[in-house]
Number of protein chains: 2
Amino acid sequence: MLFAVTDHLKAQFADIAAGERLTVVQARTVLRIYGPVPMRALAARMGYDASNMTGIVDGLESRGLVERKVLPADRRVKHVELTGHGVEVRDRMREQLAEDAPAIGRLDEADRVALHAILSRAVERS
Amino acid sequence: MLFAVTDHLKAQFADIAAGERLTVVQARTVLRIYGPVPMRALAARMGYDASNMTGIVDGLESRGLVERKVLPADRRVKHVELTGHGVEVRDRMREQLAEDAPAIGRLDEADRVALHAILSRAVERS
DNA sequence: TATTGTTATACTCTATAACTATA
DNA sequence: TATAGTTATAGAGTATAACAATA
């Protein structure tokens, strides 16, 4: 059942991403850029090897959702940030996540608290 | 937290599979062969397109865990079944899943019942 | 010498389309 | 004509190793 729920959540996220013609990884990346961030730091934030960010950001940049900017203070570093269009897309995805975000999001408060407690115990014992 | 738990369970399954020098998909396949089964039916059981089974079963067959047998009644159909060695590997994996199967497996009865109820409600509303 | 981003490469997982043997 | 299994191919997601530019 756990996997049923997480698979369902993943499928819905994939649908939202596809609605913006983004891959899942691209959509996840857009949602995790809060301000200018070096490629490497962004990779670490996503839990990826740095070599992956190049292609992901290439795709987003060619779609006009992000920009790379060389940091003058250290010209090895490139900051990635959302463009105006990128912010629009991010906000649209956030809205859909809040609306559609089904399953868990629609549990009542008591269920959410209980679920959190049980999962915490599960993780502790693992 | 849900993803933390399922990712954890997946990682442990991957470790068990790796212990038998199987990929995750190969291990999942071995665990879902209960008797002679046509390639296509096995693919459906796993939720895969039929074209995937060929490679998966190729790998298992080259390791001596399964055999393909042409069905005389309909020579288009090939039945896949576990060899003696395949059964050994499957049983070893089952044991490890029962032992290690951590997290969820070690929750007490009350937690398991509550978890199931909450997840059922989550799925209903999604 | 060490670090940033990039490239080249490879492997897993999955799907679609086209092929073959058989029905 | 339809079905079972296979092949060829492709794309997403990930990692490792080597490289150029910069520090």
Side-chain angles (χ1 to χ4, degrees), chain A residues 3 6-7 10-11 13-33 36-63 66-81, chain B residues 3 6-7 10-11 13-33 36-63 66-81:
Chain A
F3 284 105
T6 53
D7 288 352
K10 275 186 196 176
F13 186 80
D15 286 345
I16 291 172
E20 300 289 347
R21 283 172 311 154
L22 296 175
T23 68
V24 166
V25 170
Q26 286 173 335
R28 292 212 313 136
T29 302
V30 166
L31 288 168
R32 302 201 62 180
I33 298 176
V37 56
M39 297 286 289
R40 232 172 174 87
L42 184 55
R45 185 182 295 169
M46 309 281 299
Y48 294 147
D49 185 271
S51 63
N52 288 318
M53 286 320 300
T54 300
I56 298 168
V57 170
D58 281 352
L60 293 172
E61 196 166 32
S62 74
R63 291 278 309 280
V66 304
E67 279 179 342
R68 282 176 169 98
K69 288 184 182 166
V70 172
L71 188 68
D74 181 344
R75 308 224 325 279
R76 292 172 304 181
V77 176
K78 291 178 190 171
H79 272 182
V80 188
E81 54 189 312
Chain B
F3 285 105
T6 53
D7 288 351
K10 276 185 194 174
F13 186 79
D15 286 345
I16 292 172
E20 300 289 346
R21 282 172 312 154
L22 296 175
T23 68
V24 166
V25 172
Q26 286 174 334
R28 292 213 313 137
T29 302
V30 166
L31 289 167
R32 303 202 61 180
I33 299 175
V37 57
M39 296 286 290
R40 230 171 176 86
L42 184 55
R45 184 182 295 171
M46 308 279 300
Y48 295 145
D49 185 272
S51 63
N52 289 317
M53 285 319 302
T54 301
I56 298 168
V57 170
D58 281 352
L60 293 173
E61 196 165 32
S62 74
R63 291 279 309 280
V66 304
E67 277 179 343
R68 281 178 171 97
K69 287 185 184 166
V70 172
L71 188 67
D74 182 344
R75 309 225 323 280
R76 294 173 303 181
V77 175
K78 291 177 189 173
H79 272 181
V80 188
E81 53 188 313

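In what follows, chains carry the letters A, B, and so on, assigned in the order in which the sequence lines appear, proteins first and then strands, with residues in each chain numbered from 1.
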Answer yes or no: does a side-chain N or O of [X] lie under 4.0 Å from OP1 or OP2 of [N]?
X       : N      : result
B/Arg68 : D/dT6  : yes
B/Arg40 : D/dA4  : yes
A/Asn52 : D/dG13 : no

Does A/Thr23 or A/Arg75 map to a spot on DNA chain D nearer the 5' end, using the closest nucleotide for each?
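Taking each residue's closest nucleotide, the earlier one in sequence belongs to A/Thr23.
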
Once you round it to whole Å, what is the distance between [atom2] of [N] and [atom1] of [X]?
X       : N      : atom1 : atom2 : value
B/Gln26 : C/dC11 : CD    : P     : 14 Å
A/Lys78 : D/dA23 : NZ    : P     : 13 Å
B/Ile56 : D/dT7  : CD1   : C1'   : 15 Å
A/Met46 : D/dA15 : CE    : P     : 11 Å

Does A/Asp74 reach a base, just sugar-phosphate, or nothing at all? Heavy atoms under 4.0 Å.
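Sugar-phosphate only.
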
Look only at the side chain of B/Arg63 and the backbone of B/Arg21, and say whether a donor-acceptor pair between them is shorter than 3.5 Å.
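Between the backbone of B/Arg21 and the side chain of B/Arg63 there is a qualifying donor-acceptor contact (under 3.5 Å).
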
Flag, side chain of A/Glu20 to backbone of A/Ala27, donor-acceptor distance under 3.5 Å:
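Checking the backbone N and O of A/Ala27 against the side chain of A/Glu20, no donor-acceptor pair under 3.5 Å is found.
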
Below 3.5 Å, does any donor atom in the side chain of B/Ser51 face an acceptor in the base of C/dT16, or the other way round?
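Present.
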
